[in-house]
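To start, the structure under review is shown below, and the notes come after it.
As the structure is a prediction and not an experimental result, all values here were calculated from the model. Just follow the structure's listing: the first ligand is 1, and inside any ligand the first atom is 1.
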Amino acid sequence: MTDIKKISATDFGDDFLWGVAISAAQNEGAYNIGGRGLSVWDVFSKRQGKIKSGAKPFESCDFYHRYKDDLLLVKVLGFKVFRFSIAWSRILPDGTGNINKEGIAFYHRLIDECLKLDLIPYITLYHWDLPYALEKEGGWTSHKIIKWFSRFTTICANEYGTKVKNWIILNEPMGFTSLGYMIGKHAPGKLGLDNFLPAVHNAAMVQAEGGRIIRNLVANSNIGTSFSCSEVIPYSTNRKDIEAANRVDILMNRLFIEPSLGLGYPDDGFALMDKLHLHNKAWKYTKQMQFDFDFIGLQNYFPVTIKYNPVIPVIQASEVKAAKRRVPHTGMGWEINPDSFYRMIKRFSEYDGVKKIIVTENGAFFKDKLVNGVVNDVERMDYFKKYISALLKAKKEAINVNGYFAWTLTDNFEWSEGYHASFGLVHVDFTTQLRTVKQSGHWFREFLSPSS
Ligand code: GAL
């Protein structure tokens with residue numbers, strides 16, 4: 001691998017997009033301010049034991065009020081792109097029905113501020129914060145979500161489309177359908193295949209429909225959608241482990257990209273996929289699930305090692321955690337493996353129909369310590385250096401990867417982990433809202449705009 005000491009952003013070429021990403025539910029706070037309706041996360045966080053330490057996303061790092069200061073940080077750190085999401089329940093407090101003018105105005109102010117600072121905005125339309133009113137109607141399990149989402153998308157495109165050209169339709173559909181509708185770890189906390197199978201199909205439909213709407217309404221648009229991916233490594237060469245890894249691979253890496261490319265759902269003899277087809281009569285929708293995205297947003301944090309486990313329903317597989325295998329891992333327990341990141345970029349680029357890849361998220365949580373105004377987050381810095389070196393390897397091999405957005409700007413509400421799992425380049429004191437740039441943030445600043 002390239003010597004990490006020697007790389008600089010210029011090695012990636014002038015048109016490479018360096019950005020940083022946040023999301024509405026994790027950063028904005030102001031949950032009952034400016035006419036915003038409740039999201040599934042507001043309600044879910046009130047359920048006993050769902051979020052670590054009973055944390056709530058109500059205030060978070062208060063991006064709603066502090067966006068100007070935070071955008072200045074983005075600028076100072078040297079990023080060109082700012083990726084954020086629009087809270088559906090700020091635009092449409094009930095998910096459908098009346099438009100909230102204050103919500104519309106907020107994103108205009110945010111976009112205008114980006115443009116003033118010469119930051120390129122990338123809008124994510126859906127980053128997991130479904131309006132609670134829609135969840136009461138079935139949320140992602142209801143086919144009506146296609147109609148609901150289309151209206152939301154149309155409003156956003158008409159409002160912001162002259163100013164913003166870069167759009168990401170969904171953030172990690174596998175993330176919110178599996179965690180939210182299969183295992184109940186995330187909002188809205190639903191469980192089982194009866195929820196998961198329709199949620200998957202509706203999300204696959206929405207991701208394409210959203211793309212079509214933006215294409216029709218926004219001139220010169222650049223449209224993508226963001227997929228999570230994790231290399232799946234079999235625990236042994238035993239046939240059962242290999243087959244188990246293949247089942248997990250279908251779910252983690254193929255379930256959403258393949259329908260978007262017009263390939264329909266992956267099959268490969270996994271019984272769950274037959275159920276998915278049958279449940280949704282999916283063969284009828286192959287065309288509708290396809291959309292010609294301008295770029296694919298790839299989000300990678302870690303690989304997984306998988307072994308056969310007959311007691312796990314449906315998938316009959318379980319993960320052998322990094323700690324157990326005694327390999328380096330982050331505070332989340334996620335294996336640190338930059339070579340695997342490289343392999344996933346390469347693999348996704350090999351699909352016919354993937355025109356361009358942007359890494360729309362990558363980053364790490366390690367326990368931070370603020371000592372005398374300094375967060376010396378050596379491990380996070382090291383993580384970024386290694387992953388960015390792996391990215392450079394891909395770039396040098398002429399793989400069409402054209403951008404990298406770090407996750408994330410400031411410490412924020414990390415879903416069911418609450419506030420303890422800090423991923424930010426900027427430390428936040430959640431009592432005073434004081435921001436302190438971590439050493440990893442300083443490293444980015446130097447990497448992106450070297451002083452010498
Ligand atoms: C992603 C998600 C982000 C962030 C990140 C770190 O899956 O899109 O919102 O939470 O993981 O866990």
Check your understanding: Does NZ or CZ of Lys50 fall inside the cone over Phe44's six-membered ring, less than 6.0 Å from its centre and within 45° of the axis?
Key -> no

**Study point:** Test of proximity, His127 against ligand 1: N or O pairs below 3.5 Å
**Key:** yes

Point to revise | Non-hydrogen atoms of Leu119 and Phe79 that approach each other most closely | key: CD2-O, 3.3 Å

Review point. What are the two closest non-hydrogen atoms of Phe302 and Glu335, and how far apart are they?
Key: CB-O, 3.4 Å

Exercise for review: Verify, without hydrogens or angle tests, whether Asn280 (side chain) and Leu276 (backbone) share a donor-acceptor contact under 3.5 angstrom.
Suggested key: yes

Practice item. Please say whether more than 12 non-hydrogen atoms of neighbouring residues, nucleotides or ligands are located less than 6.0 Å from NZ in Lys355. Key: yes

Review point. Relative to ligand 1, is Trp334 under 4.0 angstrom through side chain, backbone, both or neither, heavy atoms considered?
Key: side chain

Practice item. Among all protein heavy atoms, pick out the one at the shortest distance from atom 2 (C) of ligand 1; state its residue, atom name and that distance to 0.1 Å. Key: Glu361 OE1, 3.3 Å

Exercise for review: Search all heavy atoms of Gly138 against all heavy atoms of Tyr181 and return the closest pair with its distance.
Suggested key: O-CE2, 4.5 Å

**Study point:** Minimum-distance protein heavy atom relative to atom 5 (C) of ligand 1
**Key:** Tyr301 OH, 3.3 Å

Check your understanding: Should Met332 be listed as contacting ligand 1, given a heavy-atom distance under 4.0 Å as the test?
Key -> no

Check your understanding: Quick one: does Trp415 get an N or O within less than 3.5 Å of an N or O on ligand 1?
Key -> yes

Point to revise | Within-shell test, Phe176 vs ligand 1, heavy atom, strictly < 4.0 Å | key: no

Practice item. For atom 12 (O) of ligand 1, grab the closest protein heavy atom and report residue, atom and distance to one decimal in Å. Key: Glu414 OE2, 2.6 Å

Review point. Which protein non-hydrogen atom lies closest to atom 7 (O) of ligand 1, naming both residue and atom, and how far is it?
Key: Glu172 OE1, 2.6 Å

Check your understanding: Taking non-hydrogen atoms only, is Asn171 closer than 4.0 angstrom to ligand 1 via side chain, backbone, both or neither?
Key -> side chain

Check your understanding: Is the centre of the Trp334 ring less than 6.0 Å from the centre of the Phe365 ring?
Key -> no

